[in-house]
Amino acid sequence: MKSVATITFHASHNYGSVLQAYALAKAIENKGYSVKIINYRSASQKACYTVYKKSRGLKGMLRNGYQRLIGGKLKRRYKGFEHFINNVLPVTEEVNDEKGIEKFASAFDAYVCGSDQIWNPECPDFVSEYYLDFVKEGKRIAYAPSLGKGQFDDEHKELIKNLLQNVDSISVREKQGKALLETLTDKNVELVCDPVILFGKEGWEEVIPENKIKKPYMFVYFLENNHGDRSFIDLIAKTLGLKVVILNENIKDIFKRYIKKYDALPLEFVSLINNAKFVYTNSFHATAFSTMFNVPCASMIAKSENVKNNNDSRKIDFLTKLGLEESLKKTLSKEEIISLSKTDFTKANEELNKFREKSKNYLIKAIED
């Protein structure tokens, strides 16, 4: 049995990050390989994730107070993520610096880097090992890493160009990343699906917990560092006659009668989407899961393409490829909500299956060749 190591941002307290790491490992394991995730967790990475996030100023004081009020749920969420990272993900022993990663340089038959923004040299957590430059023996494979954007300065482009020499098989998950890399290397660059899609609907349904919410509900998940208007929660709920299940703590919701699942665990996140009647989000991974489970979705994007730190491209690429552009929204009306609730996924399912098979074939061929 061939052994495979993956390396990615697997230890972020972020649903998308831990679930894509889990999905890639499971997808590889399901093809008969033994898999380990290199458990690289630097001190700076760990410092990013605490039970309470302190804020300054008057609004910050109010936010800090609200976090204390819901502290029990936040503590359970923190412990749940740590348990998932250390006990559910198939991790190696923990290493905390680049030197620690080097002990795995010849330990596996193949190494797979991806997914997430591990190839963005501007990320605070970036280290060159995410381009597999530490590997001495074994296949070096990139599966769906993201650069986060389509343009870099000349210094960073030269760095990326040099690091690509370490990689035998290259794939990315975004069109803009593919276009950039093709200017920096003569190697073929494939476009593949995110690991959560690669693992597949049936794979997820085997591992997610039972949903305990019996009344019909909409699922709400908004990331602070993403753009997209969050103000239509009540309009959607009223229009479709749904309860609201929300995962992100926000002081604006303090008096709202929402089902506040601030302590949801990673696999519960998937289960909540699978059983929802509608998904309202600005998250790529929530968009991807809702599409895979055929749950109607309003995937919110920035009102202007020129806003700072616009990372909507992967949602736009993904939904456009599947013929679901109508799910991309800058604003929402009652009529649009009703129309989205009747989304026909027939064509999207066909395209998604083709994309998954193409991606699966790339990965297996890269490991075996």
Side-chain angles (χ1 to χ4, degrees), residues 8-9 12 14-17 19-20 23-24 113-126 130-131 142-153 156-157 160 164 170-185 188-198 221-230 279-292 297-332 340 348 351-352 354-356 358-359 362:
T8 184
F9 292 151
S12 303
N14 170 286
Y15 295 105
S17 291
L19 290 170
Q20 62 83 21
L24 182 57
C113 58
S115 174
D116 232 330
Q117 284 191 47
I118 59 171
W119 274 13
N120 184 352
E122 295 179 0
C123 273
D125 296 341
F126 175 78
Y130 288 126
Y131 280 82
Y143 186 84
S146 172
L147 292 125
K149 54 194 241 181
Q151 291 295 327
F152 291 92
D153 59 35
H156 280 128
K157 283 197 285 190
I160 295 169
L164 288 173
I170 303 174
S171 71
V172 290
R173 70 183 184 190
E174 289 134 21
K175 286 182 180 178
Q176 63 177 9
K178 174 178 166 67
L180 173 63
L181 294 188
E182 286 176 337
T183 69
L184 302 177
T185 180
N188 186 48
V189 181
E190 294 280 350
L191 193 66
V192 295
C193 65
D194 189 272
V196 304
I197 300 297
L198 185 71
Y221 180 62
F222 274 73
L223 293 167
E224 284 186 4
N225 58 337
N226 285 12
H227 295 281
D229 195 333
R230 182 186 179 272
V279 169
Y280 178 46
T281 188
N282 66 352
S283 155
F284 167 76
H285 282 107
T287 300
F289 276 117
S290 67
T291 303
M292 182 167 53
C297 175
S299 186
M300 306 306 288
I301 57 176
K303 292 182 179 179
S304 169
E305 293 180 6
N306 300 320
V307 295
K308 189 176 181 182
N309 299 324
N310 187 345
N311 58 4
D312 289 333
S313 64
R314 54 186 176 153
K315 287 182 289 187
I316 295 170
D317 286 353
F318 177 72
L319 290 174
T320 301
K321 183 177 182 64
L322 302 182
L324 294 174
E325 299 96 326
E326 290 301 313
S327 294
L328 294 163
K329 295 295 180 184
K330 297 178 181 179
T331 185
L332 277 171
L340 284 176
E351 292 299 319
L352 199 61
K354 289 177 188 175
F355 196 19
R356 182 186 297 113
K358 175 178 175 287
S359 302
Y362 159 80

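Since the model is a prediction, treat every value here as computed from it, not as a measurement.
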I'd like to know whether Tyr221 forms a side-chain contact (heavy atoms from CB on, under 4.5 Å) with Val279, so could you lay out the CA-CA distance, the side-chain angles of the two residues, the decisive distance to 0.1 Å, and finally the verdict.
CA-CA 8 Å; Tyr221 180 62; Val279 169; over 6 Å; no
Would you say that Asp317 contacts Leu191 through its side chain, given a criterion of any heavy-atom pair below 4.5 Å between the two side chains?
no
Assign the ring pair His285 / Phe289 to parallel, tilted or perpendicular, where the plane angle (0 to 90°) is split at 30° and 60°.
tilted
Close side-chain approach of Tyr143 to Ser359, heavy-atom, < 4.5 Å:
yes
Please lay out, stage by stage, how Asp194 and Phe284 fare under the test side-chain contact (heavy atoms from CB on, under 4.5 Å).
CA-CA 10 Å; Asp194 189 272; Phe284 167 76; 3.7 Å; yes
Do any N or O atoms from the side chain of Ser115 and from the backbone of Pro195 form a donor-acceptor pair under 3.5 angstrom?
no
Is there side-chain contact between Asn120 and Phe152, with heavy atoms separated by less than 4.5 Å?
yes
Other residues, nucleotides, ligands: >12 heavy atoms within 6.0 Å of Glu326 CD:
no
For the CD atom on Glu325, are there more than 12 heavy atoms of other groups (residues, nucleotides or ligands in this structure) within a distance under 6.0 Å?
yes
Is it the case that the side chain of Lys303 and the backbone of Thr331 share a donor-acceptor pair, with hydrogens and angles ignored and the cut-off at 3.5 Å?
no
Nearest heavy atoms of Cys113 and Pro145, plus distance in Å:
O-CD, 4.1 Å
Would you please say whether a donor-acceptor pair under 3.5 Å links the side chains of Glu174 and Ser313?
no
Can you tell me how far apart CG (Leu328) and CG (Asp312) are? Round to the nearest 0.5 Å.
8.0 Å
Flag side-chain contact, heavy atom, 4.5 Å: Leu340 against Leu332
yes
side-chain hydrogen bond (donor to acceptor under 3.5 Å, both in side chains) test vs Ser299 passes for just one of Asn282, Thr291, Thr287, namely Thr287
Is the ring pair Tyr131/Trp119 parallel, tilted or perpendicular, if the boundaries are 30 and 60 degrees?
parallel
Evaluate the side-chain proximity of Gln176 to Leu180: yes if any heavy-atom separation is below 4.5 Å, no if none is.
no
Roughly how far, to the nearest 0.5 Å, is CG of Asn14 from CD of Gln20?
9.0 Å
Could you go step by step and tell me if Lys330 and Asp229 meet the side-chain contact (heavy atoms from CB on, under 4.5 Å) rule?
CA-CA 7 Å; Lys330 297 178 181 179; Asp229 195 333; over 6 Å; no
Stepwise side-chain contact (heavy atoms from CB on, under 4.5 Å) check, Ile197 with Phe355:
CA-CA 9 Å; Ile197 300 297; Phe355 196 19; 5.7 Å; no
Distance-only, no hydrogens or angles: does the Thr281 side chain make a donor-acceptor pair with backbone N or O of Ser283 under 3.5 Å?
yes
Thr183 versus Lys157: any side-chain heavy-atom pair under 4.5 Å?
no
Can you find a heavy atom in the side chain of Arg173 that is under 4.5 Å from one in the side chain of Asp116?
yes
Should Ile170 and Leu181 count as side-chain neighbours, where that means a heavy-atom distance under 4.5 Å?
yes
